[in-house]
Structure formats: C-alpha cells, structure tokens
Amino acid sequence: MPQRLSGFIAMMGRGHQAALVVLSVFLFAVGILPLEVQRRIVNGATYGANLNTILGLVLTYLTLVLSEGVIKLILNIYRGWIGERAIRWLRMTVIDAGERHSEERATLAEGVEMSIVLAEAEPVGGFVGTSISEPILQAGILLAVGGYMIYLQPLLAFAVLAVFIPQSILVPILQGLINQRVKTKITVIRHLSEEMVDHTSANSPRHQAARVQRLFSTNMSIYKLKYALNFLMNLMFQLGYAGIFALGGYYVITGRIEIGTVVAFIAGLSKVSDPWGALVDWYRDLRVTQVKYELICDASTLDLPRLPEGSE
C-alpha cells in the first residue's frame, strides 16, 4: 500500500480523477448562469417587459437548471463507482494478506483485520471518489458566484464575504480537536475487535465494558464539536442575510441598485452556502481520512507476532 493517502488516490486511477475534474468545472460554469437569468426575470417583471420575454427567460432558466441537475447526477454516480472500487480494493488487499499469512498471524491481528475490512475501509475508499473533484467543484462555485456578486455590487459583495472569515479560522481549529478523538475512537474499536477474537483474557468483560464506555464518551465529544461548528456556520450565514437586507434595502431606496440585484444576492448567498458547507465537509473528511489511512498503513506494516510452533 502507498504510505500516503495521495498516493493511494493516484493508484486508484488518475484518468478517472481527470474526468471528474472536467465534469466539475463544467458543472460550476453552468451553475452561475441561473443567477443572471433570475435577475433578468425579476427586473423584466418590475419594469414592464412583455410576456414572451419573461416566458423565454423562464424557459432558459428551466433548461439551465435541468442541465445542471443531469451533470450533477452523472458526477455523483461516477464518484460513487470510483469510491466503491477503492473500498473493494482495500478490503480484498487486507483479506488476501490475511490468507497468505494465516499461519503466522497472532490472534489479536485477526481483530485488527476484521475492524479494517468491516468498518475502516469504507470511509477511506469512499473518499477517493470525491478527493479531487469535490474541492474543485465547490471552490469553483464559490469563486464564480463571488465574482458575479462583485460585478453586480462590490460593497455588498464584500459585506457577504465577511460571513466566511470567522468560519475559515474556526474550522481548522475544531477539526484538529475532532481528529484527535477520531484516532482514539479507531484505536478503541480495534481493541474491542481484538478482545472479541481473543477469548483467553480473564478480564475481558470488564475491559470491554470500559472500552464501550470510552467509545460513548469519545463519540459524544465529537458530536459536540461537530454540531457547535454547524451552529456557528449557520449563525454566520443568517448574519449575512441580515446584511444583504439592510445594505441592499438602503441601496434600493436610494436608487443605487435595482431590486433584482438584491434578489440575485439573496439567491447567491443561498447558492454559496451549500458549496461552502460541502467544502468544509470535504476538509473534515480529508483530515479524518488521513488519520484513518495512516492507521490502516500502520496495521499493514506491523511485524505481527508469530504463533509458537505447535501451539495450534
């Protein structure tokens, strides 16, 4: 196995990753167009455009939305296929290694193998499908929508940008704390699996109960950190909407922008909230997957203790 997660991703297929990147670029390029069409529909209805013009814009909007949805469907299915291939490879690699060295393995190594095959391989392999295309897609949407907002009204756009500054500071800090707990969680699960395979310990029930309790405490601390971050992110976005309503309303009253521009900003902030959240989730998955992959590599390179001759 490659020692780094990036090497494993490359081994699973550079050509597939390149195809995902092309689909992602096309998707965020198409995704910016509905915002402009929305703005023109609102302004057209406000300033007396004829019905045929409005209906033509609505038809264009529906065509763009349908195209965006179809591309996203293809992209997601393709990602899933690549991820499942990686999961299958990890599981079969661990199983094949276990079969080749079945006579040399200690009983405790079987517990680690079971943990990797049943629990650890899926999140690591699943990340391969989104490892490169996801940040390109979501960052592309953020840049495209952000550039469009700056084009419409720079001051209003920079007010929206302030929403992301506190989040960009908090996310790495809280994710580092979560990663520490994820590593602890995986280690405890492996010990649970080892003890379930090795029944020779007299203190097994007491030890297992302590490990289950530690898993409970670790998972609860992860939940608290994760949902506290989600709360802060949602709060920042609501402050962003408040800023658009206040500053945008002032600009409309003073005649500096059209009402359609305010509508476009509201839709734009809504449109970037999902990719920003997806980008944060991707960053979380990257950091957690790096920890999990390193633990799998460590387990695969350990010099497992040999069983004494004649001990079977």
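All of these numbers come straight from a predicted model, not from anything done at the bench.
- Put simply, the side chain of I141 reaches to within 4.5 Å of the side chain of Q138, judged on heavy atoms.
- If you take CD on Q17 and CD1 on I9, they are separated by 6.5 Å, rounding to the nearest 0.5 Å.
- Using a 4.5 Å heavy-atom threshold, the side chains of L5 and L286 count as touching.
- Using a 4.5 Å heavy-atom cutoff, the side chains of I41 and V58 are in contact.
- In this structure, CD in Q38 is found 12.0 Å from CG in N43, a value given to the nearest 0.5 Å.
- For G129 against L20, the heavy-atom pair with the smallest separation is O-CD1, 3.3 Å.
- Between R88 and E84 there is no salt bridge, since none of the side-chain N atoms of the basic residue sits less than 4.0 Å from a carboxylate O of the acidic one.
- In this structure the side chain of F127 reaches within 4.5 angstrom of the side chain of W282, judged on heavy atoms.
- The cluster map of Ile, Leu, Val, Met, Phe, Trp and Tyr, joined by side-chain heavy atoms under 4.5 Å apart, puts F231 and I165 in different clusters.
- L279 is not listed as a side-chain neighbour of Y283, based on a closest heavy-atom distance of 4.5 Å or more.
- Tracing side-chain contacts under 4.5 Å through hydrophobic residues (I, L, V, M, F, W, Y), one never reaches I173 starting from V288; they form parts of separate clusters.
- To the nearest 0.5 Å, the span separating CE on M236 from CG on L170 amounts to 8.0 Å.
- Closest approach of R284 and L229 over heavy atoms only: NH2-CD2, 3.1 Å.
- Not one N or O on the side chain of S217 forms a donor-acceptor pair closer than 3.5 Å with the backbone of R214.
- The aromatic rings of F164 and W276 stand perpendicular to each other, their planes meeting at an angle above 60°, with 30° marking the opposite boundary.
- Around CZ of R85, the count of heavy atoms belonging to other residues, nucleotides or ligands within 6.0 Å exceeds 12.
- Here the closest non-hydrogen pair linking T218 and K185 is CG2-CB, 4.1 Å.
- With N179 as the fixed residue, the side-chain hydrogen bond (donor to acceptor under 3.5 Å, both in side chains) test singles out one of R181, K183, Q175: Q175.
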Step-by-step side-chain contact (heavy atoms from CB on, under 4.5 Å) determination, E68 to F26: CA-CA 9 Å; E68 186 179 3; F26 192 57; over 6 Å; no

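- Once rounded to the nearest 0.5 Å, the distance linking CG of L57 with CZ of R39 reads 11.0 Å.
- Placement of V171 and Y223 in two distinct hydrophobic clusters is found when ILVMFWY residues are connected by side-chain heavy-atom separations under 4.5 Å, directly or transitively.
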Residues 73-82, side-chain donor-acceptor partners within the protein, below 3.5 Å, at least two apart:
residue	atom	partner	partner atom	Å
N76	ND2	K72	O	3.2
Y78	OH	H16	ND1	2.7
R79	NE	S133	OG	3.0
R79	NH1	E134	OE1	2.7
R79	NH2	S133	OG	3.4
R79	NH2	E134	OE1	2.6

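- Taking all atoms of both residues into account, the shortest heavy-atom contact from F265 to Q153 is CZ-O, 3.6 Å.
- For Y241, the OH atom counts as densely surrounded, since its 6.0 Å shell holds more than 12 non-hydrogen atoms of other residues, nucleotides or ligands.
- Atom CG of residue L235 and atom CG of residue N230 lie 12.5 Å apart, to the nearest 0.5 angstrom.
- Not one N or O on the side chain of W89 forms a donor-acceptor pair closer than 3.5 Å with the backbone of M12.
- Of all the heavy atoms in V280 and M233, the pair that sits closest is CG2-CE, 3.8 Å.
- For the pair M11/F8, a side-chain contact is recorded, criterion being any heavy-atom separation below 4.5 Å from C-beta on.
- Hydrophobic cluster membership is shared by F216 and Y227, with clusters built from Ile, Leu, Val, Met, Phe, Trp and Tyr side chains linked at under 4.5 angstrom.
- Put simply, I132 and V25 are part of the same group of oily side chains (I, L, V, M, F, W, Y) that touch within less than 4.5 Å, one to the next.
- Applying the ring pair (Phe, Tyr, Trp, His ring centres under 6.0 Å) test to every pair with at least one member in residues 49-69, sequence neighbours left out, gives no pairs at all.
- With rounding to the nearest 0.5 Å, the separation of CG in N234 from CD in Q167 is 8.5 Å.
- Annotation: side chain of T130 is not in contact with side chain of D285 (no heavy-atom distance under 4.5 Å).
- Across every non-hydrogen atom of G126 and I87, the tightest pair is N-CG1, 3.6 Å.
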